Amino acid sequence: MAKLSTDELLDAFKELSLIELSEFVKAFEETFGVTAAAPVAVAAAPAAGGAGGAAEEAAAQDEFDVVLEAAGDKKINVIKEVRALTSLGLKEAKDLVEAAPKTVLEKVNKETADKAKEALEAAGASVTLK
């Protein structure tokens with residue numbers, strides 16, 4: 001098979017239906033042992049820099065962790081909300097919900113944390129912000 005350029009690959013993906021693209025992503029994840037659900041890890045990366053950040057954070061907390069304490073009676077609804085908030089796959093979201101207490105979002109701003117907490121609580125979960 002000839003090596004394809006990035007543009008050629010993008011053109012090929014444009015021709016796929018959403019179902020075909022979803023199947024491709026699953027096969028890619030299985031083949032290479034990776035997951036496409038990395039936004040949580042990416043959000044934590046900017047917070048790692050600089051020693052001055054600790055002093056600023058002590059003055060006024062502007063980054064919050066959304067922690068799922070318990071799924072409650074409507075676990076399926078909570079799993080759906082976790083997937084919507086994190087872009088996790090079904091299995092990863094189910095594992096996270098079943099392993100509560102677990103952090104759903106890390107180092108997000110107050111507005112995002114409040115919206116996530118509200119959505120998860122509406123689905124039946126108990127949530128805390130740290």
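Values reported hereafter were calculated over all heavy atoms of this structure, with side chains retained and with hydrogens, waters and symmetry mates removed. As the structure is a computational prediction, the values presented were derived from the model and not from experiment. Position 1 is the first residue of the sequence, and the numbers go up from there.
Side chains of Leu96 and Thr86 form no contact here, defined as non-hydrogen atoms less than 4.5 Å apart. Looking only at side-chain heavy atoms (C-beta outward), Asp65 and Lys107 come within less than 4.5 Å of each other. In this structure, the side chains of Lys110 and Leu129 come closer than 4.5 Å at one or more pairs of heavy atoms. Side chains of Asn77 and Glu81 form no contact here, defined as non-hydrogen atoms less than 4.5 Å apart.
The side-chain contact (heavy atoms from CB on, under 4.5 Å) with Val97 is formed by just one residue from the set Leu88, Val104, Leu120, Val82; it is Val82.
Going from atom CD of Glu98 over to atom CG of Leu68 covers 11.5 Å, rounded to the nearest 0.5 Å. Here CG of Leu105 is found 13.5 Å from NZ of Lys117. Values are rounded to the nearest 0.5 Å. Rounded to the nearest 0.5 Å, atoms NZ (Lys130) and OG1 (Thr103) are 7.0 Å apart. Within the model, atoms OG1 of Thr112 and CG of Leu85 stand 10.0 Å from one another, a figure rounded to the nearest 0.5 Å.
Phe24 and Leu9 end up in the same hydrophobic cluster when Ile, Leu, Val, Met, Phe, Trp and Tyr side chains are linked at under 4.5 Å.
More than 12 heavy atoms of other residues, nucleotides or ligands sit less than 6.0 Å from atom CG of Leu10. No more than 12 heavy atoms of other residues, nucleotides or ligands sit less than 6.0 Å from atom CD1 of Ile76. Counting non-hydrogen atoms of other residues, nucleotides and ligands closer than 6.0 Å to CZ of Phe28 gives a total of 12 or fewer. Remark: Glu8 CD is packed, more than 12 non-hydrogen atoms of other residues, nucleotides or ligands lying under 6.0 Å away. Under a cut-off of 6.0 angstrom, the local environment of CD1 in Ile19 is sparse, with at most 12 non-hydrogen atoms contributed by other residues, nucleotides or ligands.
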Audit row: Asp114, Glu118, side chain to side chain contact (heavy atoms under 4.5 Å, CB included) steps and yes/no: CA-CA 6 Å; Asp114 286 339; Glu118 185 178 307; over 6 Å; no
Residue pair Glu69, Val127: steps toward the side chain to side chain contact (heavy atoms under 4.5 Å, CB included) verdict: CA-CA 5 Å; Glu69 296 296 334; Val127 181; over 6 Å; no
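When all heavy atoms are compared, the tightest approach of Gly89 to Arg83 is C-NE, 3.7 Å. Annotation for Ala123 and Val78: closest pair O-CG2, 3.7 Å, computed over non-hydrogen atoms.
Salt bridge status for Glu30 with Lys26: absent, with no side-chain N to carboxylate O gap under 4.0 Å.
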